[in-house]
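Every heavy atom of this structure was used, including side-chain atoms; hydrogens, water molecules and symmetry mates were not. When a residue number appears, it is its place in the shown sequence, counting from 1.
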Amino acid sequence: QVQLVESGGGLVQPGGSLRLSCTASGSFRSINAMGWYRQGPGKQRELVARITSGGSTDHADSVKGRFTISRDNAKNTLYLQMDSLKSEDTAVYFCNADLLLYGSSHTWTYWGQGTQVTVSS
């Protein structure tokens with residue numbers, strides 16, 4: 001059974017930093033693209049950043065220059081370094097990953113359970 005488990009959320013003051021992690025476990029052949037999404041109170045889920053298996057990244061305009069996505073392929077782990085946090089960054093943050101399973105010819109998208117990030121003084 002494949003699982004994505006996030007960690008690193010919490011309460012932080014405006015201007016502060018947090019680092020989110022997401023680790024994939026279980027049986028799979030490889031991980032293709034991975035990403036971070038967030039859903040704020042009363043809002044739709046939105047893309048924060050994506051990273052390919054080769055390391056190419058894409059960040060939403062709202063977080064460019066403040067957030068950095070990265071991954072450690074050897075550890076099957078995705079990261080999101082969040083600096084200069086603002087109150088509008090408050091949301092539940094979800095990771096996802098496109099996994100190639102054994103015996104399958106296409107990738108399947110898996111989601112983590114989410115981790116709460118609250119930016120408040």
Side-chain angles (χ1 to χ4, degrees):
Q1 184 177 356
V2 176
Q3 278 190 312
L4 297 181
V5 179
E6 299 112 331
S7 62
L11 173 64
V12 64
Q13 292 186 342
S17 297
L18 281 175
R19 189 192 196 204
L20 305 182
S21 299
C22 171
T23 299
S25 63
S27 181
F28 49 87
R29 184 187 303 174
S30 63
I31 305 176
N32 289 0
M34 304 182 80
W36 288 100
Y37 291 73
R38 67 185 181 186
Q39 187 165 12
K43 298 181 180 180
Q44 290 187 329
R45 190 172 298 189
E46 63 176 359
L47 173 67
V48 176
R50 293 275 288 173
I51 184 168
T52 68
S53 57
S56 296
T57 63
D58 184 27
H59 295 77
D61 288 343
S62 59
V63 306
K64 279 181 181 176
R66 300 188 299 121
F67 292 10
T68 303
I69 191 171
S70 63
R71 63 192 285 175
D72 185 333
N73 291 332
K75 296 181 179 180
N76 294 329
T77 299
L78 176 71
Y79 303 100
L80 185 68
Q81 177 66 41
M82 304 186 294
D83 299 317
S84 303
L85 281 159
K86 305 175 182 180
S87 57
E88 51 262 45
D89 295 318
T90 294
V92 178
Y93 284 71
F94 300 89
C95 69
N96 82 349
D98 297 331
L99 304 181
L100 182 62
L101 305 181
Y102 291 108
S104 177
S105 59
H106 64 276
T107 59
W108 298 81
T109 299
Y110 287 81
W111 289 87
Q113 82 287 353
T115 184
Q116 177 70 47
V117 171
T118 302
V119 184
S120 175
S121 55

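Side chains of Asp72 and Thr77: no donor on one and acceptor on the other come within 3.5 Å. When only modelled atom types and interatomic distance are considered, Arg38 and Tyr93 share a side-chain donor-acceptor pair under 3.5 Å. Between the side chains of Ser17 and Asp83, at least one donor N or O sits under 3.5 Å from an acceptor N or O. Side-chain polar atoms of Thr90 and Thr118 form no donor-acceptor pair below 3.5 angstrom.
Ion pairing between a basic and an acidic side chain is recognised when a charged N comes within 4.0 Å of a carboxylate O; Lys64 and Asp61 show such pairing.
In this structure, the separation between CG on Leu80 and OG on Ser70 is 8.0 Å, given to the nearest 0.5 Å. Separating the OH atom in Tyr79 from the SG atom in Cys22 is a distance of 10.5 Å, to the nearest 0.5 Å. Considering CG of Leu11 and OG of Ser121, their distance stands at 9.5 Å, rounded to 0.5 Å. Rounded to the nearest 0.5 angstrom, Arg29 CZ and Leu100 CG are separated by 4.5 Å.
Cluster membership check: Val117 does not share its hydrophobic cluster with Phe94, using side-chain heavy-atom separations under 4.5 Å among Ile, Leu, Val, Met, Phe, Trp and Tyr. Cluster membership check: Val48 shares its hydrophobic cluster with Val12, using side-chain heavy-atom separations under 4.5 Å among Ile, Leu, Val, Met, Phe, Trp and Tyr.
Leu4 approaches Tyr110 most closely through the heavy-atom pair CD1-O, 3.2 Å. Scanning both residues, Ser53 and Asn73, for their nearest heavy atoms gives O-ND2, 3.4 Å. Here the shortest heavy-atom pairing between Gln39 and Gln44 reads CG-C, 4.1 Å.
At least one side-chain heavy atom of Tyr37 sits less than 4.5 Å from a side-chain heavy atom of Arg50. Counting only heavy atoms from C-beta outward, the side chains of Val92 and Thr115 never approach each other to under 4.5 Å. Looking only at side-chain heavy atoms (C-beta outward), Ser27 and Tyr102 come within less than 4.5 Å of each other. You'll find the side chain of Leu20 stays beyond 4.5 Å of the side chain of Ser7, heavy atoms only. Contact annotation: the side chain of Thr23 never approaches that of Val5 to less than 4.5 Å [non-hydrogen atoms, C-beta and beyond]. With contacts defined as side-chain heavy-atom distances shorter than 4.5 Å, the pair Ile31/Asp98 does not qualify. Here the side chains of Thr107 and Leu99 are not in contact, with every heavy-atom distance at 4.5 Å or above. Between Val63 and Trp36, the closest side-chain pair of non-hydrogen atoms is not below 4.5 Å.
Side chain of Arg66 to main chain of Ser84: a donor-acceptor pair is present (N/O by atom type, distance under 3.5 Å, no hydrogens or angles). A side-chain donor-acceptor contact under 3.5 Å links Glu6 to the backbone of Gly114. Side chain of His59 to main chain of Gly65: no donor-acceptor pair is present (N/O by atom type, distance under 3.5 Å, no hydrogens or angles). When atom types are taken as modelled, the side chain of Arg71 and the backbone of Thr52 share a donor-acceptor pair closer than 3.5 angstrom.
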| Passes side-chain contact (heavy atoms from CB on, under 4.5 Å), Leu101 versus Val2? Steps please. | CA-CA 9 Å; Leu101 305 181; Val2 176; 4.1 Å; yes
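Ring centroid separation for the pair Trp108 and Phe28 does not come in under the 6.0 Å cut-off.
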